[in-house]
> 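First the structure, then my questions, so here it is.
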Amino acid sequence: MPEKIFRIYNSMTRSTEVVEPAQPGRLRFYACGPTVYSYAHIGNFRSFLTADLVLRTAQAIGWETAYVTNITDVGHLTEDDAADAEGEDRMAKALRSKEGERFANIWDLARYYANTLLSDWQALNLREPDARPRATEHVARQIRDVARLLEKGHAYETAQGVYFSVASFPDYGKLSGNVLATGLDEGVRDVVQDPEKRDPRDFALWKKDPDHLMVWHSPWGWGFPGWHIECSTMAQAYLGESFDLHTGGEDNKFPHHECEIAQAESLSGKPFARYWLHTRFLQVEGEKMAKSAGNFFTVRDLVGPESEGGRGIHPLALRLALISGQYRKPLNFTFDQLLACARHIQRFEEAADLAAQGVARNDPGEDALGEPLARLYEQALAAMLDDLNTPEAIAAAIEGAKRVLRDGRTMGGATARSAQNWLEKINGLLGIVAQETPRTAAKTAGSAAAEEAFAREVEDLLRQRAEARAQRDFQRADAIRDQLAGMQVEIMDAPEGTRWRRQISNPVS
RNA sequence: GGUGACGUGGCCGAGUGGUUAGGCAAAGGUCUGCAAAACCUUGUACGGCGGUUCGAGUCCGCCCGUCACCUCCA
């Protein structure tokens, strides 16, 4: 394979740069994961999907990857040095809410939402990281890092906690441009503040609080770690003091990533991550996604079965919708777009079916698709290598699916093998053709049996309709068609017989 | 107030100096008992005003609008 150039926009330098891993051909990167105090929403996943696409693109050009993403299962303070008015953090608040009543304690809640995160992750076809560290499992190392920061004079202790001293790190602000303390000491700081803080910019490394729902013992007594320390500690634990790329949502840029840099570089004296990538927030129907606006969606709100209050959207349709805009621009998530994506997924699935049938038939003939499909794959890859230009890559993928569908049921074995190979490669790059990780066994077994019974029923009706049509009893044939429509089944008459498929559920209805 | 983005046809969304993005929706057509599906055909749009240029959606200035961050957030 000729040398491929992978370009991304580096938030640190504010310019698009060629990605050159410190070890050529081996990309080491860290993606900031969520706090597991609730179900992950589609905005969370837009950001995780960006990391997934970096991974897939790097792998597509033959790079090795070391990919680490965390789960934050410690409830952090709503501000760095202050709990909110009730003295609670986000996880404690979730536990106290109506939704939280079913959990025995805070650990139970964190475990539950971490598990739902993983199943949503699989549903949306995100590849697994090499490591998925949890904050609660790395507290000892966080304590060690805080102690070392104290030793090196980058931190100080007060009656309430341990703080990072921003004045000790002159580069503070190099990522976000927030260099001034102006405005930081007003407004929100009137709830609980630590009068011993030396600089309003200083942020908590450790909070002393023996009454918190999650506490650990430390040299500074019982308490819990600050929010920013977990990511820099875990990233350095798994990827080394210095690694290639760090990703997250645009909101992470400040303060979270700025603080990570301060901690990590103060400890190591080396650059932390060399490239920084931030995903912009998405909007929903033109507005900021917010519970109060009624446009707030978790993954399971959309892809969950209707029997469980979901909308029955194909998970890959959601995936496609969330990557249909380039990560660096705001994306307007709309239900029109989601419905269009569901159609595309259906086409990809049909193309895969046709290719599989063609391979099985293995009719003679020239390979009619090898060359054009290879070209379309190169187009898609080139688009992804250009700062993850997903819209262009998807356009090439759709064009390829069209070619496969056009040759359809008449393609020979050679053509079908090319089609199958191409679909696999496109799926490897974009993950929009088929799920790579099989869903959990129990789920599959249960729904497979139901699916089979349903298919038998449909095919029986189709036989009756075929008879009616043969007798030119169109009234009866149309009645059966209506009956199938009532079962959410649409049918396609073709010269070689009638095919059927489930109707795409309309997310708006 | 400070900082940074963005504004493209009915909708979503690429494109950064000169030649088609793509999709959805819509219209016409082929096929069909009728439909549906599939396939074919059809769109000259770039917030406003000025400027630079042989040529601007693309560069510059101003204005209008939307969004984000500035210690809750992906």
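Sequence lines set the chain letters: A, B, ... in the order given, protein chains first and strands last, and positions in each chain run from 1.
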> Can you identify which nucleotide, out of B:rA74, B:rC34, B:rC12, has its nearest atom closest to the A:S47 side chain?
B:rA74
> Quick check on B:rA74: is either OP1 or OP2 less than 4.0 Å from any side-chain nitrogen or oxygen of A:N252?
no
> Checking A:Q142 side chain against A:A135 main chain: does a donor-acceptor pair fall under 3.5 Å?
yes
> A:Y30 pairs by side chain to side chain contact (heavy atoms under 4.5 Å, CB included) with which of A:T69, A:T247, A:L239?
A:L239
> Take the angle between the ring planes of A:H257 and A:H278 and call it parallel below 30°, perpendicular above 60°, tilted in between.
tilted
> Heavy atoms from C-beta onward define the side chain here; which of B:rG4, B:rC73, B:rG23 lies closest to that of A:I398?
B:rG23
> Using a heavy-atom cut-off of 4.0 Å across all strands, would you classify A:Q326 as base, sugar-phosphate, or nothing?
sugar-phosphate
> Describe the nucleic acid contact of A:N389 in one word from base, sugar-phosphate, nothing, applying a heavy-atom distance below 4.0 Å.
sugar-phosphate
> Taking the minimum atom-to-atom distance to the side chain of A:R469, which one of B:rG33, B:rC67, B:rA36 wins?
B:rG33
> Regarding A:R465, tell me which of base, sugar-phosphate or nothing describes its non-hydrogen contacts under 4.0 Å with the strands shown.
base
> Nearest whole Å is fine: how far is B:rA37 C1' from A:R406 CZ?
16 Å
> What interatomic distance, in whole Å, is found between P of B:rA26 and the corresponding atom of B:rC31?
22 Å
> Measure from the side chain of A:E490, starting at C-beta and using heavy atoms only, and say which of B:rA74, B:rA37, B:rG23 lies closest.
B:rA37
> Tell me what A:G43 touches on the nucleic acid: a base, only sugar-phosphate, or nothing, going by heavy atoms under 4.0 Å.
base
> In whole angstrom, what separates A:I491's CD1 from B:rA37's P?
12 Å
> Determine whether A:R56 and A:R127 make a side-chain contact, defined as any pair of heavy atoms from C-beta on separated by less than 4.5 Å.
yes
> Can you tell me how the ring of A:W227 sits relative to the ring of A:H256, calling it parallel under 30°, perpendicular over 60° and tilted otherwise?
parallel
> Please measure how far the C1' atom in B:rU53 lies from the corresponding atom in B:rC67, and state the result in whole Å.
33 Å
> With rounding to the closest Å, how many angstrom separate the C1' atoms on B:rU41 and B:rU20?
15 Å
> Determine the Euclidean distance between corresponding P atoms of B:rG7 and B:rC12; express it in Å to zero decimal places.
12 Å
> Per the atom types in the model, does the base of B:rA35 pair as donor or acceptor with the side chain of A:D493 at under 3.5 Å?
yes
> At 4.0 Å (heavy atoms only), tell me whether A:R481 reaches a base, stays on the sugar-phosphate, or touches nothing.
base
> Tell me: OH of A:Y30 to P of B:rA74, nearest whole Å?
13 Å
> Between P on B:rA74 and NZ on A:K329, what's the gap in Å once rounded to a whole number?
25 Å
> Does the A:R319 side chain pair with the main chain of A:G431, one donor and one acceptor, at a distance under 3.5 Å?
yes
> Write down the distance separating the P atoms in B:rG28 and B:rG61, rounded off to the nearest Å.
48 Å
> Please assess A:I261 against A:M12 for the test side-chain contact (heavy atoms from CB on, under 4.5 Å), listing each intermediate value before the final yes or no.
CA-CA 11 Å; A:I261 291 168; A:M12 180 64 86; 3.6 Å; yes
> Check the distance between B:rC39's P and A:L405's CG and give it to me in whole angstrom.
6 Å
> Can the ring centres of A:F297 and A:F335 be said to be less than 6.0 Å apart?
yes
> Which nucleotide sits closest to the side chain of A:D251: B:rA74, B:rC67, B:rG23?
B:rA74
> Okay, side chain of A:Q326, backbone of A:D387: is any donor-acceptor separation there less than 3.5 Å?
yes
> Using the C1' atom on both, measure B:rG13 against B:rG22 and round to a whole Å.
8 Å
> Classify the nucleic acid contact of A:L331 as base, sugar-phosphate or nothing, counting any heavy atom under 4.0 Å across all strands shown.
sugar-phosphate
> Starting at the 5' end of RNA chain B and moving along, which residue's nearest nucleotide shows up first, A:N44 or A:Q475?
A:Q475
> On the ring face of A:F333, is A:R46 found with NZ or CZ under 6.0 Å from the centre and within 45° of the axis?
no
> Remember a base hit wins even if backbone is also touched, and classify A:R501 as base, sugar-phosphate or nothing at under 4.0 Å, heavy atoms.
sugar-phosphate
> With rounding to whole Å, what would you report as the distance between B:rG15 and B:rU8 at their C1' atoms?
10 Å
> Could you check whether A:K253 gets within reach of a base, just the sugar-phosphate, or nothing at all, counting any heavy atom under 4.0 Å?
nothing
> Want to know the stems of RNA chain B: at least 3 consecutive Watson-Crick or G-U pairs with distances under 3.5 Å, which are they?
B:1-7 with B:64-70, B:10-12 with B:22-24, B:26-30 with B:38-42, B:47-51 with B:59-63
> Using whole Å, what does the distance between atom P of nucleotide B:rA14 and atom CE of A:M384 come to?
13 Å
> B:rG17 and B:rC59: how far apart are their C1' atoms, nearest whole angstrom?
8 Å
> Could you list the protein-to-nucleotides 24-28 of chain B atom pairs, N/O on both sides, closer than 3.5 Å?
from	atom 1	to	atom 2	distance (Å)
B:rC24	OP1	A:R347	NH1	3.2
B:rC24	OP1	A:R347	NH2	3.4
B:rA25	OP1	A:R343	NH1	2.9

> Hey, what do you get for CG (A:D171) to CD (A:E258), rounding to the nearest 0.5 Å?
9.0 Å
> Mapping A:M492 and A:E399 onto RNA chain B by nearest heavy atom, which one lands closer to the 5' end?
A:E399
> How many whole angstroms separate atom CD1 of A:I394 from atom P of B:rG23?
13 Å
> Within the modelled atom types, does a donor on one side and an acceptor on the other bring the side chain of A:N332 and the base of B:rG13 under 3.5 Å apart?
no
> Can you classify the ring geometry of A:W276 versus A:H246 as parallel (below 30°), tilted (30 to 60°) or perpendicular (above 60°)?
parallel
> Using atom CD of A:E260 as one end and atom P of B:rA74 as the other, report the distance to the nearest whole Å.
14 Å
